[in-house]
Amino acid sequence: MDSPPRPAFRGPTFIRLLARLTDDTLPQGGPAPAERLSQWIDWTRAVVLSKVLDAKALEAEQSAQVIDRDDAAVCAKARATLLASIAEAPELAIPHPHAARPSDETEAAIDFAPFRQRHLALQRSMQMATGRLRGDLRDRLAQRSADMARLAEVDAVMESALSPREHASLGAVPALLETHFERLRAAAGASATDPSAAWLDGFRREMQGVLIAELDVRFQPVEGLLAALRTH
């Protein structure tokens with residue numbers, strides 16, 4: 001008898017894509033967001049956050065000139081640049097099936113190392129771009145009103161508190177991809193050394209999908225700050 005199918009995992013696209021790459025069945029549900037945050041934020045950062053939330057709102061800095069610009073367009077351009085970097089990564093390009101291969105690569109083993117290096121480089125690019133946008137949008141919020149200035153302070157504290165956890169969690173993604181890659185290569189048989197094999201093309205598409213989903217996750221705080229700017 002066939003084994004019963006694994007139950008579908010419900011959750012954000014990024015988590016669902018990673019769940020499909022593993023053999024383990026991920027648990028449904030889990031702690032509520034507030035409870036999970038209490039586990040991620042240590043007491044020192046919790047004190048800082050409490051002080052920001054309890055402090056009296058100060059008037060926005062009126063002396064600084066607010067530059068008139070389309071913040072949404074700036075963020076969209078940065079996002080498009082990162083998406084292009086993912087789409088144009090040479091390691092993720094699907095080779096033409098009839099393209100000639102150099103003789104010294106005919107039987108060369110296909111290794112995960114180039115994929116890992118590309119993934120880490122793209123992660124660094126995403127982290128730098130979103131961090132820069134987030135700080136810039138906070139500065140612009142702080143110039144709008146007292147309430148917006150407080151929101152900017154809260155976001156700065158939350159970024160400082162959650163960044164270590166985010167870095168550790170996202171840093172584990174290449175290892176998950178490598179395990180999946182090794183499993184696919186082991187099952188490929190004679191095509192394990194073929195750069196245009198179907199299993200490798202599929203892996204390239206999966207890795208692209210994971211990177212795009214990670215980009216969506218990293219842009220969530222940016223989108224939140226943009227929404228706050230639009231409402232003021």
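All values below were derived from every heavy atom in this structure, side-chain atoms included, with hydrogens, water molecules and symmetry-related copies excluded. It should be emphasised that the depicted structure is a prediction, and the values quoted were computed from it without experimental measurement. For this chain, numbers begin at 1 and follow the sequence in order.
Distance check, rounded to the nearest 0.5 Å: CD of Glu214 to CZ of Phe14 gives 4.5 Å. Rounding to the nearest 0.5 Å places CG of Leu229 at 4.0 Å from CG of Leu141. To the nearest 0.5 Å, atom OG1 of residue Thr130 and atom CG of residue Leu137 are 11.0 Å apart. Interatomic distance, Leu151 CG to Asp147 CG, rounded to the nearest 0.5 Å: 9.0 Å. From Asp70, atom CG reaches atom SG of Cys75 across 9.0 Å, with rounding to the nearest 0.5 Å. In this structure, the separation between CZ on Phe203 and CD on Glu182 is 9.0 Å, given to the nearest 0.5 Å.
A donor-acceptor contact shorter than 3.5 Å links the side chain of Ser145 to the backbone of Met148. In this structure, the side chain of Arg204 engages the main chain of Glu91 through a donor-acceptor pair within 3.5 Å. Gln123 places a side-chain N or O within donor-acceptor distance of the main-chain N or O of Leu170, the cut-off being under 3.5 Å. Side-chain atoms of Ser169 come within 3.5 Å of backbone atoms of Arg165 as a donor-acceptor pair (strictly under, hydrogens ignored). Between the side chain of Trp199 and the backbone N or O of Arg185 there is no donor-acceptor pair closer than 3.5 Å. Judged by distance alone, with hydrogens and angles left aside, the side-chain atoms of Thr231 form a donor-acceptor pair with the main-chain N or O of Ala228 at under 3.5 Å. Arg20 contributes no side-chain N or O that, together with a main-chain N or O of Ile15, makes up a donor-acceptor pair within less than 3.5 Å.
Here salt bridge (Lys or Arg N to Asp or Glu O under 4.0 Å) pairs that include residues 75-85, with residues two or more places apart or in two chains, are Arg79-Asp216.
With hydrophobic clusters built from ILVMFWY side chains whose heavy atoms lie under 4.5 angstrom apart, Leu83 shares a cluster with Leu92. Side-chain heavy atoms closer than 4.5 Å link hydrophobic residues (I, L, V, M, F, W, Y) into clusters, and following such links, possibly through other members, connects Leu82 to Val74.
Only one option out of Leu177, Leu21, Leu17, Asp201 pairs with Glu206 in a side-chain contact (heavy atoms from CB on, under 4.5 Å); it is Leu21.
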| request: Output, in order, the C-alpha distance, side-chain angles, deciding distance and verdict of side chain to side chain contact (heavy atoms under 4.5 Å, CB included) for Met207 and Leu211. | output: CA-CA 6 Å; Met207 183 169 164; Leu211 283 164; 4.2 Å; yes
| request: Kindly indicate, with the supporting measurements, whether the criterion side chain to side chain contact (heavy atoms under 4.5 Å, CB included) is fulfilled by Ile212 and Thr13. | output: CA-CA 10 Å; Ile212 292 171; Thr13 300; over 6 Å; no
| query | What do the steps show when you test Val173 against His119 for side chain to side chain contact (heavy atoms under 4.5 Å, CB included), and what is the final call? | reply | CA-CA 9 Å; Val173 174; His119 196 284; 3.8 Å; yes
| field | Worked check of side chain to side chain donor-acceptor pair (under 3.5 Å) between His180 and Arg183 | value | CA-CA 5 Å; His180 182 58; Arg183 184 166 52 246; 3.3 Å; yes
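For the pair Thr81 and Ser125, the minimum side-chain heavy-atom distance is 4.5 Å or more. Two residues are said to be in side-chain contact when any heavy atoms from C-beta on lie closer than 4.5 Å; His167 and Gln127 meet this criterion. Counting only heavy atoms from C-beta outward, the side chains of Leu200 and Asp194 never approach each other to under 4.5 Å. Within the 4.5 Å cutoff, no side-chain heavy atoms of Pro221 are placed close to those of Met158.
With respect to Glu159 and Arg138, a salt bridge is recorded, a charged nitrogen being found less than 4.0 Å from a carboxylate O.
Between Ser85 and Leu122 the shortest heavy-atom distance is CB-CD2, 3.8 Å. Of all the heavy atoms in Ala197 and Ser191, the pair that sits closest is CB-O, 3.6 Å.
Under the 30°/60° scheme for interplanar angles, the aromatic rings of Phe115 and Phe181 are found to be tilted.
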